[in-house]
Amino acid sequence: MDVFGNLLEGFGTAITPTHLLFAAIGVLLGTAIGVLPGIGPAMAVALLLPVTYNIEPTGAFIMFAGIYYGGMFGGSTTSILLNTPGESASVVTAIEGHPMAKAGRGAQALAAAAIGNFTGAMAGTMLLVVLAPLVANLAVDIGAPDFLAVMLLAFIAVTSVLGKSRVRGFASLAIGLTLGLVGLDSMTGQQRLTFGSLHLSDGIDVVVVAVGLFAVGEALWVAAHLRRAAAKPIPVGRPWLSRQDIKRSWKPWLRGPVIGFPFGAVPAGGAEIPTFLSYVTEKRLSKHREEFDHGAIEGVAGPESTASASAAGTLTSMLTLGLPTTATAAVMLAAFQQHGIQPGPLLFQRESDLVWTLIASLFIGTILLLVLNLPLAPMWAKLLRIPRAYLYAGILFFASIGAYAVSGSVLDLVVLLVIGVIGFMMRRFGLPILPAIIGVILGPNAEQQMRRAMQISDGDLAGLVNTTFSVVVYGIIVLILLWPVLRKLVGRRGARPDGHDPAELEKETVDA
Amino acid sequence: MRTARRSESSAPRTARTATGWLKAHSELALVAFLAGLGALVMVDALTMAADFTQRGPVGPKTVPLLVGGLLVIIALVLAVDVLRGGKGESESGEDIDLSTQAEWRTVLLLAAAFCSNIVLIDLVGFPISGAILFWGSAYALGSRHWVRDPLISIVLAVVTYLMFVYVLGVPLPGGPLAGVS
C-alpha cells in the first residue's frame, strides 16, 4: 500500500477514543515536564515504562511520543519567563525570549514559540512520513556489519560532537557500556559482572539505569546545590501576535524544519546544535539585527521551530534504523524492545499498523499541543510555583515506584541508588549523561551485531568492513575522531607530527 | 613543571597545602573510580569459566576486555588532563546554585529517606514506606510544614498505591493495611 493510504489507515486507528486519550495524556504530561525544572522527557518516559507493561504497545508509544513533542513545547516557557531553560533544546530560546519577556513582550514570545513548535513539529512529521519509508527500504538489506558500524558511529558522535571535553564523554560512554555488560551473555549464557547474584544475572533493567542516572542522580545533585531563593517568573498574559510580529516570524518558522530535521536524524546530540545554528541564521538574515540580544522575535520563532522538527528527525532514525540520537529516543528504543518490538528497517513491514498509528497520532498530538499551549500558557507558567522540595521529593518517590515495579524486587531499589550515586558523581565532575544512556542501550546490541558479523565471516576481521555502507560509516568515524587534529593541520600549516597519538587527541579537544 | 604552575594559577591559595592540592584535584577520585571499574571488568572477564559452549569465533570475554581496557585508558588520559589543570564543568540548572559549597547534609538526609523506603517497603507496605519517603525527602530539602507535608505524603502514597494496583495492574506491596480492605 502507498504511504498515503497507510497514513489514512493510521489516522483511522489513532482517532479511536483510547488512542486519543493516550495522546492527550502524553502531550499534557509532556508540556508539564517541559515546563518543570529537573525533569525531562527521557526521565518521564523511563518512569512511565513499567506502568505501560500491561498496556497495549500502540497506546504506550502514542503517549511516549506525545511526551517527547510536549517537552519541546513546554521547554520554551521557562526559557522565556525565567531565563532558565527547562530542556537543552530551549537554551537558545532564552537569549531572545527572556529579554522580550522583560520588555513586556512575554505574550508575543510565548506565541512565537508555540506556533514555531507547531510549524516545526508539523513540517518535521511530514518529512518523517515521506522519508521514513524510503530510508527503511534502503536499509532493509543492511546486515550485521552495517548495524555495528552505525552503532559505533553513534557512540563516537555523542561523545565527540557534544560537550566540552571528549575524554569525559568517553568516560560516560564506558560507564554505560559497563552497566550494559551486567547479566548473562546472550549468546553463551555466561555470567558477566553478576558477582554470583541471581538478581544481577537478569541484567540491570534499562528502566533502573535511566531512572537512576536521570531522576535519582539529578535529585541528589540538586540537593547538594539547591538554590534557596527560587527565581521569580515574569507574569504574563495570554499569548498573541500582532501583524508585524507574524510578518517577522513566518520565515523563521518555515526555515526551522530545514535545519532541525536533518540534525535530529543524525547522532549529533539532538536539538542543541541545530537550535544554535537556527539562531545564528536568523540573526544574519533578520532586517532587525539591532534588536538581537534585546529581544528579537526571530530569535524565538526560528530555534523553537527547529527544536520540534529535530524531534521528528530523531524519531525517523529511531524507527527506521533503531538508532537513537537523543536520550529520549534511547529510552523509547528500550521501551520498544521491552514490548518485544525491534525498531529498524523491518519495523515498517512487521508492525505497519503500529508505526502508522504512531505517526498519525504525532499529527494529532501536535494540534493538541498548539491548543494546549497557545491559550493556556499562563496556566502552565503557574507550575513553576511548585515548591522545589515537593518537586524533587516527588521525583524520588516516582523513581522508587518505577524501579520497584520492574520486577517487584527491593534489590532493584538498591541498584537504583548505586546508579543514582554514579549519576551524582557524573554531574559533579562534568561527565555528560547522554553517552552513558546510549552506551547502556546500544552496547549489548552492538556486541551482538559484532559477534554475528564475525560468525558470518568465520572470525575474519575483514567481515566487519566488507560492505560499502560500513566502510563509509567508518570513514565518518575516523573523520570525527581526527577532527581536532585536522583542524589544527588546516589552521597552522606546518603540522605537528605527534598529532596522531590518541592521548594527544584527547588533550587537544580538552584544551580547545 | 607546567602541571604545578597551571593548577596553582587556578587555585592560588589552596594549592600550597596537601589537602588543598587534593581539593583542587578532586577529579582524581573519578580517575580512581574509572581505573578500578576497568580493572574489575577485566578481572571478571579473565576469571570466567572457560568451558562454555562458544558459538562463533568471538566469545563472551572479548567485549568486556575491550570495555575494561577502554576504561583504564580513559582513566589514564583523564589523569593527565586533571594534572595539567583540566577541569570538568559541574552541571548547572535552574534549581542549582554552584556558587555555594556542596551541602552534604542535605544529600545524606535525602539518601537516608531513599534508604528508609528500601528497608520498609516489604515490611510495612508501600502506602506507609512511600509516605515516609516523600515526607523524608521534602524534609531533607528544607520543607518544614508540619501539617501540610505529612498530609500530602499520605494522600500521595495512598492514591498512587490504589492507582497502580487497581487501575494500572502493577503490583505494589500493600503491607498489613492492605488486608483490611
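Naming: A, B, ... by sequence-line order, numbering from 1 per chain.
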Original post:
Is there a donor-acceptor pair under 3.5 Å between the side chain of A:T194 and the backbone N or O of A:Q191?
Top reply: no
**OP:** Please flag which part of A:I456 lies under 4.5 Å from any non-hydrogen atom of chain B: side chain, backbone, both or neither.
**Re:** neither
Original post:
Where on A:M426 is there a heavy atom nearer than 4.5 Å to chain B: the side chain, the backbone, both, or neither?
Top reply: neither
**OP:** Can you tell which part of A:L396 gets under 4.5 Å to a heavy atom of chain B, answering side chain, backbone, both or neither?
**Re:** both
Original post:
Between A:Y404 and chain B, which part of the residue has a heavy atom less than 4.5 Å away: side chain, backbone, both or neither?
Top reply: side chain
Subject >> Qualifying residues under ring-ring contact (aromatic ring centres under 6.0 Å, His included), relative to A:H225, sequence neighbours excluded >> reply: A:W221
Original post:
Measuring heavy-atom distances to chain B, does A:D460 have an atom under 4.5 Å in its side chain, in its backbone, in both, or in neither?
Top reply: neither
Original post:
Between B:D44 and chain A, which part of the residue has a heavy atom less than 4.5 Å away: side chain, backbone, both or neither?
Top reply: side chain
**OP:** Select one option (side chain, backbone, both, neither) describing which atoms of B:R148 are under 4.5 Å from chain A's heavy atoms.
**Re:** both
Original post:
Side chain, backbone, both or neither: which part of A:L173 has a heavy atom under 4.5 Å from chain B?
Top reply: neither
Original post:
If you count heavy-atom pairs under 4.5 Å between each of B:L108, B:N117, B:D122 and chain A, which one has the most?
Top reply: B:D122
Original post:
Which bit of B:A113 comes within less than 4.5 Å of chain A, counting heavy atoms only: side chain, backbone, both or neither?
Top reply: neither
**OP:** Run the salt-bridge test on B:D81 and A:R168 with the 4.0 Å N-O cut-off and return the result as yes or no.
**Re:** yes
Original post:
Of the backbone (N, CA, C, O) and the side chain (C-beta and beyond), which part of A:V216 lies under 4.5 Å from a heavy atom of chain B, both, or neither?
Top reply: side chain
Subject >> Part of A:L431 within contact of chain B (heavy atom distance under 4.5 Å) >> reply: side chain
Original post:
For chain A, which of B:C115, B:S26, B:A111 has the most heavy-atom pairs under 4.5 Å?
Top reply: B:S26
Subject >> Worked check of side chain to side chain contact (heavy atoms under 4.5 Å, CB included) between A:V211 and A:F398 >> reply: CA-CA 9 Å; A:V211 171; A:F398 285 106; over 6 Å; no
Original post:
Does any N or O in the side chain of A:S197 come within less than 3.5 Å of the main-chain N or O of A:L200, such that one atom is a donor and the other an acceptor?
Top reply: yes
**OP:** Go through the atoms of A:M454 and report whether side chain, backbone, both or neither lie under 4.5 Å from a heavy atom of chain B.
**Re:** both
Subject >> Contacting moiety of B:L78, where chain A heavy atoms sit under 4.5 Å >> reply: both
Original post:
Between A:S172 and A:P432, is there a donor-acceptor pair closer than 3.5 Å when you use the side chain of the first and the backbone of the second?
Top reply: yes
**OP:** Kindly say whether A:V35 contributes a backbone atom to a donor-acceptor pair with the side chain of A:T77 at under 3.5 angstrom?
**Re:** no
Original post:
Excluding sequence neighbours, so at least two apart, what forms salt bridge (Lys or Arg N to Asp or Glu O under 4.0 Å) with A:R192?
Top reply: A:D185, A:E447
Original post:
What residue, out of B:T100, B:I152, B:I121, has the most heavy-atom pairs lying under 4.5 Å from chain A?
Top reply: B:I121
Original post:
Would you find a donor on one side and an acceptor on the other, under 3.5 Å apart, between the side chain of A:S201 and the backbone of A:L184?
Top reply: no
Original post:
Non-hydrogen atoms of chain A under 4.5 Å away: do they reach the side chain of B:L98, the backbone, both or neither?
Top reply: both
Original post:
Do you know which of B:W104, B:Y139, B:F33 has the most heavy-atom pairs with chain A at a distance under 4.5 angstrom?
Top reply: B:F33
Subject >> A:F424 and A:F429 aromatic centres sub-6.0 Å >> reply: no
Original post:
Between B:I74, B:V43, B:L37, which shows the greatest number of heavy-atom pairs under 4.5 Å with chain A?
Top reply: B:I74
Subject >> Carboxylate-amine/guanidinium contact A:E218 A:R427, below 4.0 Å >> reply: yes
Original post:
Taking the inter-plane angle between the rings of B:Y166 and B:Y161 on a 0 to 90° scale, is it parallel (under 30°), tilted (30 to 60°) or perpendicular (over 60°)?
Top reply: perpendicular
Original post:
Quick one: of B:L70, B:L76, B:V41, who has the most non-hydrogen atom pairs under 4.5 Å with chain A?
Top reply: B:V41
Original post:
Is it the backbone or the side chain of B:F114 that comes under 4.5 Å from a heavy atom of chain A, or both, or neither?
Top reply: side chain
**OP:** Could you tell me whether a side-chain N or O of B:E103 sits under 3.5 Å from a main-chain N or O of B:T106, the two making a donor and an acceptor?
**Re:** no
